[in-house]
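Everything below concerns the one structure shown next.
As the structure is a computational prediction, the values presented were derived from the model and not from experiment. Excluded from the calculations below are hydrogen atoms, water molecules and symmetry mates; all remaining heavy atoms, backbone and side chain alike, are included.
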Amino acid sequence: MSGLLALLDDVAAIAKLAAAQLDDIGAQAAKAGSKAAGVVIDDAAVTPKYVVGLPAARELPIVYSIGKGSMVNKLVILLPVCLLLNAFAPWLLTPLLMMGGCYLCFEGAEKIVHALSSRDEEEQDTPAKIVDAAHLEKEKVKGAIKTDFILSAEIMAISLAAIETNVWWEEALILAAVGILITIGVYGAVAVIVKADDWGLLMSQKGRLAATRAFGRGMVHVVPYVLYWLTIIGTAAMLWVGGNILVHGVHELGWHMPEEAIKGAAKGAADTVGVATGVLNWVVVAFLDAVVGLAVGLVLVGILSVVGRVRGHQKHA
């Protein structure tokens with residue numbers, strides 16, 4: 001009997017240890033995911049544009065296809081790559097992360113340049129070779145998954161950097177949890193956003209109560225503004241996250257001045273006001289990171305524009 005009790009005690013101790021490890025993994029997954037919040041916001045803001053111009057009945061299937069592709073990006077491709085790099089070439093993570101940061105800065109700056117441009121150009125989402133809705137849908141899903149790959153790489157790399165364990169299987173579980181939860185959260189939110197106007201229209205037409213019909217009409221009226229502001233928030237998030245990645249990256253590589261200057265300016269502003277210092281400190285840091293991101297992005301936009309013109313002249317020569 002004493003042997004059985006000892007065995008049960010050992011099993012209970014192992015169970016408690018396993019539960020504690022799972023709790024720690026869950027807490028670290030939440031912390032790691034929160035570090036990538038800016039990229040998550042951008043991911044949610046970018047995706048709705050890929051269902052514009054397609055039948056309402058295909059919106060949810062398209063979001064599902066993109067979400068499935070995003071899950072493959074994170075769990076099948078990026079998770080093992082991140083673990084391998086972290087194990088055998090950790091010095092590569094910061095440069096690769098900075099390359100992704102440059103891409104985000106470029107994308108954000110390009111959106112601003114396009115919005116401020118005096119030329120009234122509309123992007124051609126339906127190339128001449130696309131002659132049917134099924135082909136158009138396939139092309140849009142493919143483009144969305146490519147964009148998601150960059151954003152997912154940022155999410156996984158930022159999350160990996162925030163993990164406080166060197167045990168590979170714990171890193172894998174945490175990254176998998178982050179990837180799954182963020183993908184479900186992002187594309188669940190996108191599904192709600194893209195269908196909100198349809199639900200509002202249905203409520204406005206078939207609602208039994210006047211208040212229900214009025215609420216539906218309000219949804220139909222508000223959703224376009226929500227999509228508009230999501231675009232702005234997504235652009236700001238691109239610049240903020242990209243700038244933050246670059247500032248922190250050069251700090252990791254040995255150039256400490258930019259990060260120290262930004263933190264010093266934020267602390268000075270917070271101390272001067274003396275109210276909600278933590279919030280103000282975060283706002284100032286985010287704003288200055290976004291300024292850095294915009295500056296880098298504009299330089300990249302200019303360089304690529306010059307390269308494009310040179311190639312154009314060479315073709316016509």
Side-chain angles (χ1 to χ4, degrees), residues 29 32-52 62-82 85 93-112 139-163 174-191 193-194 227 229-249 286 289-290 293-294 296-297 300-301:
S34 68
K35 292 289 186 180
V39 188
V40 172
I41 292 171
D42 182 54
D43 205 358
V46 166
T47 306
K49 75 177 185 179
Y50 290 101
V51 300
V52 174
I62 290 171
V63 173
Y64 173 76
S65 296
I66 299 171
K68 186 169 64 175
S70 177
M71 199 75 79
V72 171
N73 283 341
K74 292 182 180 73
L75 301 184
V76 178
I77 302 173
L78 293 170
L79 191 153
V81 169
C82 285
L85 284 175
L93 285 173
T94 296
L96 289 174
L97 197 60
M98 291 177 69
M99 288 174 63
C102 286
Y103 173 81
L104 292 177
C105 294
F106 168 77
E107 284 284 298
E110 188 181 44
K111 287 182 179 181
I112 292 176
E139 291 296 312
K140 286 209 170 194
V141 169
K142 188 186 297 184
I145 292 174
K146 286 180 180 178
T147 300
D148 174 90
F149 184 85
I150 300 296
L151 297 173
S152 291
E154 297 298 303
I155 289 170
M156 298 298 275
I158 293 170
S159 300
L160 179 62
I163 295 174
I174 293 168
L175 281 179
V178 169
I180 291 170
L181 293 175
I182 284 180
T183 302
I184 292 173
V186 166
Y187 290 97
V190 169
I193 291 168
V194 299
L227 293 174
W229 281 104
L230 269 178
T231 302
I232 294 177
I233 292 170
T235 301
M238 276 186 172
L239 296 174
W240 159 43
V241 175
N244 179 265
I245 289 171
L246 294 178
V247 169
H248 186 68
D289 283 341
L294 178 60
V296 172
L300 292 174
V301 169

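- The minimum heavy-atom distance between C102 and L300, with the atom names listed, is O-CD1, 3.5 Å.
- L294 meets the side chain to side chain contact (heavy atoms under 4.5 Å, CB included) test with A109, I112, L239, L298; sequence neighbours excluded.
- Within the 3.5 Å criterion, the main-chain N or O of I145 finds a donor-acceptor partner in the side chain of N73.
- Once rounded to the nearest 0.5 Å, the distance linking NZ of K140 with CD1 of I66 reads 9.5 Å.
- Here the options are E110, E107, K111, the test is side chain to side chain contact (heavy atoms under 4.5 Å, CB included), and the partner is T235; only K111 passes.
- Summarising the geometry of M156 relative to C82, their closest heavy-atom pair is CB-SG, 4.0 Å, with the distance given to 0.1 Å.
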Acceptor/donor pairs from residues 176-186 side chains to any protein atom, 3.5 angstrom cut, sequence neighbours excluded:
residue	atom	partner	partner atom	Å
T183	OG1	K74	NZ	3.1
T183	OG1	G179	O	2.7

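- Taken from CG in L79 to OG in S152, the straight-line distance is 11.5 Å, to the nearest 0.5 Å.
- Checked against side chain to side chain contact (heavy atoms under 4.5 Å, CB included), K68 has the following partners two or more places apart in sequence or in another chain: Y64.
- The shortest distance between side-chain heavy atoms of F149 and L78 falls below 4.5 Å.
- The nearest pair of heavy atoms linking L246 to C105 is CD1-SG, 3.8 Å.
- For the residue pair W240 and D289, the shortest heavy atom distance occurs at O-CB, 3.8 Å.
- A 4.5 Å side-chain heavy-atom check between L96 and L85 finds at least one atom pair inside the cut-off.
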